[in-house]
A.B. asks: 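Here it is: the structure, laid out below.
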Amino acid sequence: MYPAQFEYHKASTVQDAVALLGRLKDDAKLLAGGHSLIPAMKLRLAQPKHLIDIGKVPGLSGIREDGNSIVIGAATTHWALESSSLLKQKLPILPEAAALIGDPQVRNMGTIGGSLAHADPAADYPAVVLALGAELKAVGPKGERTIKVDDFFKDVMTTALGPDEVLTEIRIPAPASGTVGAYKKFPHPASRFAVVGVAAVVTLDAKGACQKASIGITGAGPKATRAKGVEAALQGKTLDASTIQAASEKAADGIDIQADLQGSVEYKRHITKVYAKRAIEAALARAKKS
Amino acid sequence: MSKIRMTINGVSQSHEVEPRLLLVHYLRELVGLTGTHIGCDTSQCGACTIMMNGMAVKSCTLLAVQADGAELTTIEGLARNGQLHPVQEGFWEKHGLQCGYCTPGMILSAVQILQRYPKPSEAEIRHQLEGNLCRCTGYHNIVKAIQYAADKMAQK
Amino acid sequence: MATATKLFGASIKRREDPRLITGKGNYVDDVKLPGMTYASFIRSPHAHARIKRINTAKAKSAPGIVAVYTGEEVKTGPLPCGWLLPGIKIPPRPVLAQGKVRYVGEPVAIVIAESLYAAKDGADRVEVEYEPLPAIVNCEKAHAKSAPQLFDDVPENQSFDWSIGDKAKTDEAFKSAATVVRQRLVNQRLIPNAIEPRACMASYQPATGDLTLWVTSQNPHVHRLLIAAFVLGMPEHKMRVIAPDVGGGFGSKIFVYNEEVAVSWASKALGRPVKWTAERRESFMTDAHGRDHITDAEMAFDQGGKIIGLRVKTHANLGAYLSTFAPLVPSFLYGPLLSGVYTIPTIHCQVWGVLTNTAPVDAYRGAGRPEATYLLERMMDLAAKTLKVDPAELRRNNLIPADKFPYQTPVAFVYDSGNYTVALDRALELVGYKQVRDEQERGRKSGRYIGVGISTYLEACGPAPSQVAGQLGAQAGLWESAGVRVHPTGMVTVFTGSHSHGQGHETTFAQLAADELGIPYEHVEIVHGDTAAIPFGMGSYGSRSACVGGSAIHTSVQKIIEKGKKIAAHLLEAAEGDINFSDGKFSVKGSPDKAKAWGEVCLMAYLAHNLPQGMEPGLEATSFYDPVNFTFPFGAHIAVVEIDPETGHVKILRYVAVDDVGKMINPMIVDGMVHGGIAQGVAQALWEWGAYDDNGQLLTGTMMEYSLPKADQLPSYETDRTVTPSPVNPLGVKGAGETGTIASTPAIANAVIDALQPFGVTHIDMPLTPEKIWKAIAASKKN
């Protein structure tokens with residue numbers, strides 16, 4: 001219930017934070033909203049000897065357009081994403097997913113960067129950023145680098161970020177015209193984490209056939225992944241009910257699903273397929289609206 | 001030890017604290033405001049909800065040092081000059097509490113709901129209460145209390 | 001003469017609320033004392049193990065540590081079990097483990113420090129070496145020679161073997177039955193989770209020998225008696241127990257727990273206050289759990305669809321030790337409830353109370369009655385399917401008719417009053433039964449699966465006539481106390497042995513007393529929760545506060561009115577029999593202007609200048625009200641649900657509750673009780689489960705795994721009343737605290753199974769998770 005002792009450092013810039021990480025290495029963790037880290041520290045699952053607070057580093061939060069991309073500061077809160085009129089207009093799948101994270105109080109503090117860096121296998125954003133083909137900018141001792149989201153999630157709570165890097169930005173290339181997306185989630189009744197969450201981003205051509213599909217799945221396995229089988233089964237096809245159904249059958253392929261109190265492997269495979277189908281259908285419904 | 005300074009219910013507070021001190025413990029033990037309660041270990045129950053810089057947050061999931069420089073409102077600071085906030089009034093009028101333990105956090109969450117959604121539907125209210133657990137009321141009258149407050153605030 | 005608005009029956013706002021809505025409540029963890037120390041407990045990580053060695057040296061030298069104690073030092077009497085059944089085995093339950101641990105979370109040592117965090121850090125430095133032993137968590141499997149034995153002298157882990165009813169007669173009835181319905185039923189373990197965790201602070205004053213214990217208790221006097229006399233071995237009158245604002249109990253705060261004794265012992269040893277507040281994880285592991293029955297039930301019907309017999313065999317999980325009232329719950333609060341609202345000529349019930357390596361089990365909202373009602377209502381629905389009869393009609397044909405009261409059941413109880421058919425009809429009307437069934441029909445044709453679940457229930461509350469309780473094994477009386485003290489200015493203080501931890505007694509008891517005295521509500525103050533102020537009381541549980549506690553208040557008020565009449569008669573120079581008392585005025589019958597106001601009489605009682613010959617001054621009365629019977633609230637709940645066949649998710653479309661709790665002091669508060677009870681009962685049907693793995697590790701040990709219901713999972717409830725006053729007490733009240741929980745679990749379970757009827761599903765054990773529902777559908781599709 002109470003964290004173990006640690007030393008507290010306030011970073012005033014990203015460079016500050018990078019330098020501190022470089023000095024303190026594995027003994028240090030970054031603190032943004034703290035709503036993944038502090039619960040872990042209270043249960044003593046995490047016991048960092050040093051905390052580097054980047055919560056007040058200027059320029060790390062905000063949502064803006066940059067040419068053809070949307071750029072989101074890593075320290076942007078879920079509430080800011082949930083309530084962003086820019087995102088509702090340009091990338092509604094993001095505020096849709098953000099609104100499903102945790103609860104309102106958690107959303108006031110938790111940040112997209114914190115959530116992505118923490119890489120909880122049942123977090124919501126990973127599925128969405130995978131489906132959106134995001135790029136993640138990290139700053140380390142050697143300077144800035146861009147990590148493609150497909151390379152970002154490595155394993156359970158393990159990302160491509162180095163121990164001395166700070167995630168600073170999430171950049172989402174503007175989707176091609178005719179692109180719609182939706183996020184569907186089966187929340188754990190107690191924790192409200194995703195037992196399974198599917199982000200479906202589909203680009204339809206002028207005739208309404210699927211030009212491109214990008215499906216991100218979270219919750220089912222040790223990390224969020226793209227459902228390549230589903231994507232391939234949708235590509236180039238008219239998305240009628242039977243096509244969607246057949247494609248969704250592949251949603252659980254390649255995911256190492258573990259049984260728990262919420263379900264056996266068999267059930268979790270099944271609902272992964274169901275939620276894939278529902279996410280695709282919901283994305284299409286958005287297309288019909290616009 | 002870290003030196004922190006913040007305004008709580010309009011009063012300036014300053015203390016030296018261990019960095020690991022949770023904000024809720026800071027409020028209850030050092031500042032002496034025991035109206036904010038602790039109900040769980042895993043940030044589910046919301047009994048610890050306060051307002052920080054105008055937003056409802058779970059004070060059990062914040063370090064006191066994170067609140068340095070912030071403006072906080074706890075349940076004790078919600079009524080002004082003896083005048084209850086319409087949400088407090090609603091909870092009283094509509095029997096929105098029984099044991100009272102979840103109530104401070106529930107009330108502050110409700111204040112935020114009405115700040116953001118002045119005319120919430122029942123479904124919206126229930127969805128926005130995801131972060132607050134009550135074991136006594138079954139939520140029925142809490143919804144009624146918030147609807148009462150919404151109506152009252154709409155009249156002003 | 002104008003009558004003031006009647007307070008009894010009025011839905012007035014609560015007096016408790018102003019302090020609670022402004023953060024000025026006074027809960028145990030809020031209490032601070034100078035020199036206060038903080039305790040943290042070291043607990044067993046194993047479900048079953050021998051303790052080989054405990055090393056406290058490192059902890060003792062940690063910063064801020066004041067003391068560390070283990071079972072070596074803390075030698076007290078065992079935590080008592082206050083209900084004995086014939087032949088029961090009650091193994092000793094130590095305050096800190098002695099040589100062996102028997103459930104995960106069992107306290108092994110206590111660390112006391114100058115600060116909260118130092119206590120936790122210090123506790124981490126206590127080293128305990130264990131020799132793990134095989135564990136057993138399933139109470140059926142534990143009931144075997146081959147199972148790991150928790151205690152050397154409790155073979156097959158059987159604490160008791162208890163029966164009720166006529167076995168021979170029941171067996172006969174089954175032989176002649178036209179239809180027998182059989183079902184194995186699991187009533188799964190629940191964890192109460194009041195939002196306020198358990199807490200206690202003990203303060204021993206060496207100079208006076210007084211011990212004060214603040215504790216989250218539903219019954220402070222019971223805590224005092226048991227801890228002082230039976231565990232610590234100190235004079236009862238030197239201990240004071242204060243249960244201030246308490247954040248919910250639901251039964252879990254009735255019992256005497258290890259920690260409360262340990263901090264008391266430690267405060268005595270140190271001469272300083274010692275405070276402990278549970279972390280939620282500790283609550284999960286150590287608050288008394290609820291339910292956990294495995295049952296084989298059989299119901300016999302004649303040709304006409306009338307129940308002719310019920311046969312029940314139940315294994316009841318008691319956990320690793322017997323909690324304070326544990327034996328009562330699966331015996332006398334269960335077996336005698338098995339007639340329910342039905343005419344059942346013969347019943348036999350056998351219960352084995354079995355120990356396992358899990359947290360001790362005891363009363364949790366409903367305590368035995370939810371288990372009985374779930375059984376009856378599931379069996380009725382199963383029978384309705386088998387007999388191809390509408391479930392409402394099957395019930396209607398078997399309800400005890402209204403003219404049969406008082407009604408003697410074949411399992412001891414005599415029901416006081418009831419009109420079950422009216423409640424059922426009202427519920428069917430409210431829900432629009434025919435329309436719902438029509439919608440269900442239409443839905444099934446288009447792939448929508450709607451289900452309707454009925455629960456006609458009865459419960460027994462307001463425990464209990466003390467003599468009967470004693471015969472049944474209670475080690476206590478079950479009366480209630482009320483001191484009513486009138487002050488010289490006519491203001492009144494009521495000292496009640498009941499305790500309010502959400503029930504609103506400060507409001508309702510004031511309504512009751514003010515109403516009977518005809519004085520303003522603001523002139524009556526209710527005091528509860530402090531053994532120093534209040535005569536011995538038995539506390540609040542079993543929905544007894546209105547019927548037993550309220551009746552005690554009534555009795556004391558009547559004594560005061562009687563004395564007041566004598567004084568008034570004397571002052572008015574009239575015969576005592578000629579004095580009327582109403583609306584706060586004593587007047588002479590026939591001459592209403594010959595009167596004395598309440599205030600005048602009260603003042604004279606204390607001035608004593610002109611009192612009847614031989615009368616003592618003062619105006620106060622203390623009563624101990626012993627109920628003559630249980631009371632029997634009843635009703636009908638109907639739930640309408642829809643199943644998503646693809647995922648198995650359940651959506652509650654409507655919830656209708658018609659309850660008869662007799663007369664009501666404050667209907668708004670009764671509604672609140674029903675709402676909260678429904679939420680807990682629904683949660684058992686759909687979400688909650690205190691699940692252990694085979695090694696005795698609690699899988700649902702935090703609020704991240706244990707699914708307490710949230711606002712977005714529940715509907716608003718449609719509630720209504722019938723009012724059949726109870727003839728059993730002077731107030732005509734029955735009790736409303738637990739009816740919601742008792743009725744709702746089977747209403748929802750029946751609705752879900754009903755929704756799945758097209759798939760041929762007849763039964764699924766709770767909690768009815770999406771997976772279970774989906775699996776049942778998938779299995780039926782294969783067949």
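What's counted below: heavy atoms across the whole structure, side chains too, no hydrogens, waters or symmetry copies. Just so it is clear, the model here is predicted, and its values are computed rather than measured. Every chain is numbered from 1, with letters handed out A, B, ... down the list of sequences.
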A.B. asks: Name the region of P770(C), side chain, backbone, both or neither, that has any atom closer than 4.5 Å to a heavy atom of chain A.
C.D. replies: both

A.B. asks: Side chain, backbone, both or neither: which part of T769(C) has a heavy atom under 4.5 Å from chain A?
C.D. replies: neither

A.B. asks: Which heavy atom in E231(A) sits nearest to a heavy atom in I215(A), and how many Å separate them?
C.D. replies: OE2-N, 2.8 Å

A.B. asks: L116(C) versus chain A, heavy atoms under 4.5 Å apart: side chain, backbone, both or neither?
C.D. replies: both

A.B. asks: Under 4.0 Å between a Lys/Arg side-chain N and an Asp/Glu carboxylate O for E96(A) and K185(A)?
C.D. replies: no

A.B. asks: Among A4(A), P189(A), P3(A), single out the residue with the greatest number of heavy-atom pairs under 4.5 Å to chain C.
C.D. replies: P189(A)

A.B. asks: Would you mind checking if K228(A) and D253(A) are paired as a salt bridge, meaning a charged N to carboxylate O distance below 4.0 Å?
C.D. replies: no

A.B. asks: Check for a donor-acceptor pair, side chain of R107(A) on one end and backbone N or O of I101(A) on the other, with a separation under 3.5 Å.
C.D. replies: yes

A.B. asks: On a heavy-atom basis, which atom in A251(A) and which in I217(A) lie closest, and how many Å separate them?
C.D. replies: O-CD1, 3.4 Å

A.B. asks: Looking at E249(A) and K273(A), is any side-chain nitrogen of the basic one under 4.0 Å from a carboxylate oxygen of the acidic one?
C.D. replies: yes

A.B. asks: I'd like to verify something: which residue of D712(C), D121(C), T702(C), L699(C) has the highest number of heavy-atom pairs under 4.5 Å with chain A?
C.D. replies: D712(C)

A.B. asks: For D292(C), run the side-chain hydrogen bond (donor to acceptor under 3.5 Å, both in side chains) check against T358(C), N138(C), N317(C) and tell me which one passes.
C.D. replies: N317(C)

A.B. asks: Quick check on the interface: out of M703(C), K710(C), K775(C), who has the most heavy-atom pairs with chain A under 4.5 Å?
C.D. replies: K710(C)

A.B. asks: So for Y117(C), is it side chain, backbone, both, or neither that comes closer than 4.5 Å to the heavy atoms of chain A?
C.D. replies: both

A.B. asks: Name the region of K277(A), side chain, backbone, both or neither, that has any atom closer than 4.5 Å to a heavy atom of chain C.
C.D. replies: side chain

A.B. asks: Select one option (side chain, backbone, both, neither) describing which atoms of E688(C) are under 4.5 Å from chain A's heavy atoms.
C.D. replies: neither

A.B. asks: Given W276(C) and Y38(C), is the ring pair (Phe, Tyr, Trp, His ring centres under 6.0 Å) satisfied, shown in steps?
C.D. replies: CA-CA 6 Å; W276(C) 173 79; Y38(C) 300 79; over 10 Å; no

A.B. asks: Which answer fits D644(C), side chain, backbone, both or neither, if we ask what part of it has an atom under 4.5 Å from a heavy atom of chain A?
C.D. replies: side chain

A.B. asks: Side chain, backbone, both or neither: which part of E646(C) has a heavy atom under 4.5 Å from chain A?
C.D. replies: both

A.B. asks: Report which part of R280(C) has an atom under 4.5 Å of a heavy atom belonging to chain A: side chain, backbone, both, or neither.
C.D. replies: neither

A.B. asks: With a 4.5 angstrom heavy-atom cut-off, could you sort out which part of K772(C) is near chain A: side chain, backbone, both or neither?
C.D. replies: neither

A.B. asks: Can R198(C) be said to sit on top of Y257(C)'s aromatic six-ring, NZ or CZ under 6.0 Å from centre and within 45° of the ring axis?
C.D. replies: yes

A.B. asks: Quick one: which of Q262(A), K268(A), E266(A) has the most heavy-atom pairs under 4.5 Å with chain C, could you say?
C.D. replies: E266(A)

